[in-house]
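To keep things clear, I will list the structure first and then write my remarks on it.
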Amino acid sequence: MSGSGQDRIETVIDTTVLADIRDLMEDDFPDLVRRFLEDSADLIDQLDRGIARGDTDSVHRAAHTLKSSSAALGALALSDRAKHLEALGRSGVLNGAAAEATAARVQFARAKETLEKCLEEGSRP
């Protein structure tokens with residue numbers, strides 16, 4: 001893996017992206033973050049159910065949505081995990097998907113902690 005890819009995986013939240021979104025959304029920013037957290041938790045649950053059923057289409061769809069929304073909010077490590085799950089779903093082979101979903105859940109927890117702290121403190125990222 002290249003150095004830039006490794007850096008991307010280690011970034012829980014890209015604070016530059018988050019600051020830009022906060023500036024753009026202003027008073028609506030907390031609602032956006034809360035919605036992201038709710039939707040992401042649901043998407044990870046969908047991934048788990050899809051993997052358990054061997055449903056590659058649902059894994060692909062949920063992972064695609066999670067990848068995009070995570071990247072848009074600056075949750076790069078979560079987006080990267082979702083990207084791997086999306087590729088597995090698209091390939092039709094879910095070997096390793098359970099481990100990727102576990103990694104995604106860990107990254108989601110890390111992103112959630114960071115985002116919630118940002119909201120509680122009302123601070124800039």
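Side chains included, hydrogens not; waters and symmetry mates left out as well; all remaining heavy atoms used.
Shortest non-hydrogen contact noted between L47 and A62 is CD2-CB, 3.9 Å. Scanning all heavy atoms of the two residues, the minimum distance from I51 to A97 falls at CD1-O, 3.5 Å. Shortest non-hydrogen contact noted between F108 and A41 is CZ-N, 3.9 Å. The minimum heavy-atom distance linking L115 with L37 is given by the pair CD1-CD2, 4.0 Å. Closest of all the heavy-atom pairs between I13 and A111 is CD1-CB, 3.9 Å. The heavy-atom pair separating S79 from A71 by the smallest distance is OG-CB, 3.5 Å.
The side-chain heavy atoms of S58 and R53, taken from C-beta on, include a pair separated by under 4.5 Å. Under the 4.5 Å side-chain criterion, counting only non-hydrogen atoms from C-beta, F36 is not in contact with D31. Counting only heavy atoms from C-beta outward, the side chains of L78 and L73 never approach each other to under 4.5 Å.
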Pairs of donor and acceptor atoms involving the side chains of residues 85-96, under 3.5 Å and at least two apart or interchain, shall be tabulated with distances.
| residue | atom | partner | partner atom | Å |
| --- | --- | --- | --- | --- |
| E86 | OE1 | K67 | NZ | 2.8 |
| E86 | OE2 | H64 | ND1 | 2.6 |
| S91 | OG | L88 | O | 2.7 |
| S91 | OG | V93 | N | 3.1 |
| S91 | OG | V93 | O | 3.4 |

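The distance from atom CG of L76 to atom CZ of R81, rounded to the nearest 0.5 Å, is 12.0 Å. Here CG of L66 is found 5.0 Å from OG of S40. Values are rounded to the nearest 0.5 Å. Taken to the nearest 0.5 Å, the CG atom of L119 stands 6.5 Å off from the CZ atom of R22. One distance of note links OG1 of T102 with CD1 of I44; it measures 10.5 Å at 0.5 Å rounding. Between the CZ atom of R35 and the CG atom of D28 there is a distance of 13.0 Å, given to the nearest 0.5 Å.
Contacts of D27 classified as salt bridge (Lys or Arg N to Asp or Glu O under 4.0 Å), with partners at least two apart in sequence or in another chain: none.
L18 and M25 fall within a single hydrophobic cluster, where Ile, Leu, Val, Met, Phe, Trp and Tyr are joined by side-chain heavy atoms under 4.5 Å apart, directly or via other members.
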Practice item. Carefully, step by step, assess Q107 and R110 under the rule side chain to side chain donor-acceptor pair (under 3.5 Å). Key: CA-CA 5 Å; Q107 293 304 329; R110 292 176 69 201; 3.2 Å; yes

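With respect to the salt-bridge test (charged N to carboxylate O, under 4.0 angstrom), the residues D48 and R105 qualify. At a threshold of 4.0 Å, the pair K83-D80 does not count as salt-bridged, since none of the basic side-chain nitrogens sits closer than that to a carboxylate oxygen.
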